[in-house]
J.: 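Quick one: structure below, then a few questions.
Source: prediction; values computed, not measured. Atoms within a ligand are numbered from 1 in the order they appear, just like the ligands themselves.
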Amino acid sequence: MTMRASSSKTQRAHEADFLVIGSGVAGLRAAIELSRSGRVLMLTKGHSLESSSSYAQGGVAVALSEEDDVGVHLTDTINAGHGLCRPEAVRVLVEEGPERIQELIGWGARFDKVGGKFAFAKEAAHSRNRILRARGDATGNEMVKVLMARAHRERSIRWLEHHFTVELVVVDGVCRGALVLDESSGTRFVLPSRAVLLATGGAGQVYARTTNPPSATGDGMAMAYRAGATLEDMEFVQFHPTALYLPSSPPFLLSEAIRGEGGQLRNIKGERFMERYHPAGALAPRDVVARAIWSEMAATRARHVYLDVTHLSASFVKRRFPTIYTTCLRYDIDITEEWIPVSPSAHYLMGGVRTDTSGATSLPGLFAAGEVACSGVHGANRLASNSLLEGLVFGQRAAVAAREFVAGGTRLLPSVRELDGGPLEVLEDSDKLRSSLRRLMWGKVGLVRTGDSLTSAVAQLSRWERAVSRPFRSRTDLEVKNMVQVAHCIAEAALWREDSVGAHYRADVSRKKRAGRTQHSILSNQGLITVGNATVRDGVGLTKEPTVRRFGARSPNR
Ligand code: FAD
Ligand code: SIN
């Protein structure tokens, strides 16, 4: 194989001790922590404000109110996770969460207050009012704004926007940097670093209907998997019950907080139905509400149900949900006067790159935090509003662990070149593949799954995965490749779990508990662990076909 000339000038210009990939809540919090320990390079595809974090509405769950207690937050989180949370991770989340939020307030975050006291809202499956919000329904925007401002004050953090990470560099079993594509010039170069922190968010775009922004294509999970890191619990995809359903609109999220304030669900005949499914009615756990909506849609042969807030005072609705009110108005729906058509949409991936409670992955030198990671906090179903908190808590922890790893004596690679896997290609009919993939996942690996639907999805995804095993030139083609690989992992894991647990619902098996339902699914691509010298494989010029290995039992690194 021939070697592509390295772009060493660019490499030197961006030399960093720590590479943080992703500028959502998790990446920002990590970068701030690392800024005291060396040179940090903050890398993000597209604009640095484009992330799921920026769109988060409902709020951030934290046990800070007088009526609350970290023990109750812990119990609620574990109950939501259906036996698959790692209790030590949940303990870290709820115990360190209050400190992280107080810190954010100290940096200038303004959470809404009533009568001089923080206004704690209620959301599904929380037994206390514990959701802090900002500007009604703009919580993520406020948190990102404050973290961004804080990070921009740190001179040791440099920013590289519009740079797409293609692949992780693994040398002798240790992650030592990343291969990056400059989106404007099309050049690719390797960025060496002493540790890499992955904070690339989720993968909602693999589904035809999703609340996630276009950037949520699962890149971090796909590249970590190709690099040899372990993925865990990929079958657990959370579907949000209420996304706007209009032929002309994207599935814009209608926050669960709307139901927390008394919003009701009605089928197309106008009947309230949630009481028939769960004693908590519209505030039942998220997976229960999503499946109840699914059943009502099937029973009434409709593509949506309605969310009704017309019984609440119009001034309250406008003040409490300003973003939602104005966005719906843009689609000619005045939510104070009309019922809102809604249906479920893919929202959050509980699985991801397996980490321990310090954010370390199974690949030395690689740390992960936020939605890309499976920290053990969410189990089979995430408790609403726990993920912004997770990003702060585990972003900070992963940074501390990366700092300790580097203190152990890793050096920067002197120069790295990309191993040439042949000419970079254009993926033919990339848009068509993307759309077919999204429809396949929605239809066969969605809210309701069966052994047959999963088997046929896995077969199709295997064919597509073979078809994308080539080196691509553009960001969009590379994203489609990542989406195919992540979708394949989700489908494989879902097929392995022959049981209904939390967000994973198999219509072809009974709800009866089976042995092994508390085991985690582990995916690892054992063929591709290391590169023996200072070069990077871009995951395409590979000699060995990636193989999905399914372990039926516990994770090997437990
Ligand atoms: P993100 O915020 O998604 O950031 C990912 C970053 O990685 C981005 O900067 C992206 O550009 C970058 N990136 C990705 N791939 C690459 C690549 N290949 N190269 C370079 N950069 C890359 N959770 C709550 O707790 N409360 C809520 O109220 C809430 N509301 C939500 C509302 C919506 C509409 C959505 C979509 C999610 C909501 N969630 C909420 C979930 C929560 O927002 C996310 O789980 C969380 O913000 C994820 O943060 P993160 O830092 O892990 O990733
Ligand atoms: C919402 O506002 O409903 C989203 C909250 C979350 O996903 O945590």
Side-chain angles (χ1 to χ4, degrees), residues 19-30 42-62 121 123-124 126 131-134 137-141 143-144 147-148 160-168 178-181 183 198-205 210-223 238 240-243 250-260 286 289 321 323-324 345-350 352 368-373 375 378 382-392 394-395 398 475 478-479 482:
L19 198 54
V20 176
I21 309 175
S23 57
V25 160
L28 287 167
R29 184 61 191 82
M42 187 72 171
L43 194 67
T44 174
K45 67 179 179 182
H47 193 281
S48 56
L49 282 174
E50 188 58 13
S51 64
S52 289
S53 298
S54 296
Y55 297 101
Q57 294 179 355
V60 55
V62 62
E123 280 180 3
H126 286 272
I131 319 296
L132 278 180
R133 61 179 187 267
D137 53 8
T139 316
N141 179 288
M143 289 173 69
V144 168
L147 288 165
M148 240 348 145
L160 211 48
E161 291 182 303
H162 301 282
H163 279 70
F164 179 89
T165 307
V166 180
E167 218 63 68
L168 298 168
L179 171 66
V180 169
L181 165 74
E183 289 169 25
L198 208 50
T200 45
Q205 286 297 326
T210 180
T211 62
N212 290 192
S215 55
T217 50
D219 302 340
M221 293 160 207
M223 71 179 88
Q238 185 169 73
H240 198 288
T242 56
F252 171 71
L253 181 77
L254 293 156
S255 175
E256 192 155 292
I258 296 183
R259 280 172 285 128
R286 202 169 265 188
V289 181
F321 302 109
T323 313
I324 292 170
S345 275
H347 183 59
Y348 186 88
L349 184 52
M350 271 73 75
E371 193 167 339
V372 69
S375 65
H378 307 301
R382 179 180 64 104
L383 188 65
S385 291
N386 261 356
S387 43
L388 290 173
L389 193 69
E390 182 193 20
L392 291 178
F394 288 89
R475 167 178 162 175
L478 289 161
E479 282 178 338
N482 289 336

J.: Evaluate Glu390 against His378 for side-chain hydrogen bond (donor to acceptor under 3.5 Å, both in side chains), listing each step before the verdict.
T.: CA-CA 10 Å; Glu390 182 193 20; His378 307 301; 2.7 Å; yes
J.: Identify all N/O pairs between ligand 2 and the protein with a separation under 3.5 Å and present them as a table of atom names and distances.
T.:
{"residue": "ligand 2", "atom": "2 (O)", "partner": "Gly58", "partner atom": "N", "Å": "2.9"}
{"residue": "ligand 2", "atom": "2 (O)", "partner": "Ser255", "partner atom": "OG", "Å": "2.6"}
{"residue": "ligand 2", "atom": "3 (O)", "partner": "His240", "partner atom": "NE2", "Å": "2.8"}
{"residue": "ligand 2", "atom": "3 (O)", "partner": "Glu256", "partner atom": "N", "Å": "2.6"}
{"residue": "ligand 2", "atom": "7 (O)", "partner": "Arg286", "partner atom": "NH1", "Å": "3.0"}
{"residue": "ligand 2", "atom": "7 (O)", "partner": "Arg286", "partner atom": "NH2", "Å": "3.4"}
{"residue": "ligand 2", "atom": "7 (O)", "partner": "His347", "partner atom": "NE2", "Å": "2.7"}
{"residue": "ligand 2", "atom": "7 (O)", "partner": "Arg382", "partner atom": "NH2", "Å": "2.6"}
{"residue": "ligand 2", "atom": "8 (O)", "partner": "Arg382", "partner atom": "NH1", "Å": "2.8"}
{"residue": "ligand 2", "atom": "8 (O)", "partner": "Arg382", "partner atom": "NH2", "Å": "3.3"}
{"residue": "ligand 2", "atom": "8 (O)", "partner": "Ser385", "partner atom": "N", "Å": "2.6"}

J.: Where on Arg382 is there a heavy atom closer than 4.0 Å to ligand 1, on the side chain, on the backbone, on both, or on neither?
T.: side chain
J.: So, is Leu389 polar-close to ligand 1, with some N/O to N/O distance under 3.5 Å?
T.: no
J.: Answer side chain, backbone, both or neither: which part of Asp219 comes under 4.0 Å from ligand 1, heavy atoms only.
T.: side chain
J.: Who's the nearest protein heavy-atom neighbour of atom 12 (C) of ligand 1, and how far?
T.: Gly22 CA, 3.6 Å
J.: Of the side chain and backbone of Ala199, name the one, both, or neither that has a heavy atom under 4.0 Å from an atom of ligand 1.
T.: backbone
J.: Look at atom 8 (C) of ligand 1 and find which of Arg29, Lys45, Glu50 reaches it with the closest heavy atom.
T.: Glu50
J.: Geometry only, no angles: is Val25 polar-contacting ligand 1 at N/O separations under 3.5 Å?
T.: yes
J.: Consider every N or O of Leu253 and every N or O of ligand 1, then say whether any pair is closer than 3.5 Å.
T.: no
J.: Could you list the atoms of ligand 1 found under 4.0 angstrom from a heavy atom of Tyr348?
T.: 45 (O)
J.: Does an N or O from His47, backbone or side chain, lie closer than 3.5 Å to an N or O of ligand 1?
T.: no
J.: Could you see which bit of Gln57 sits under 4.0 Å from ligand 1, with heavy atoms only: side chain, backbone, both or neither?
T.: backbone
J.: Side chain, backbone, both or neither: which part of Glu390 has a heavy atom under 4.0 Å from ligand 1?
T.: neither
J.: Quick one: do the Asn482 and Thr217 side chains pair a donor with an acceptor below 3.5 Å?
T.: no
J.: Do Ser23 and ligand 1 have an N or O pair less than 3.5 Å apart?
T.: yes
J.: Any nitrogen or oxygen of Ser215, main chain or side chain, under 3.5 Å from a nitrogen or oxygen of ligand 1?
T.: no
J.: Considering Gly59, Gly58, Gly24 one by one, which has a heavy atom nearer to atom 26 (N) of ligand 1 than any of the others?
T.: Gly59
J.: Nearest to atom 40 (C) of ligand 1 by heavy atom, Ala56, Ala384, Pro213, Ala30: which?
T.: Ala56
J.: Could you say whether the N/O atoms of Thr165 and ligand 1 ever approach to under 3.5 Å?
T.: yes
J.: If only side-chain N and O atoms count, and only distance matters, is there a donor-acceptor pair under 3.5 Å linking Glu50 with Ser215?
T.: no
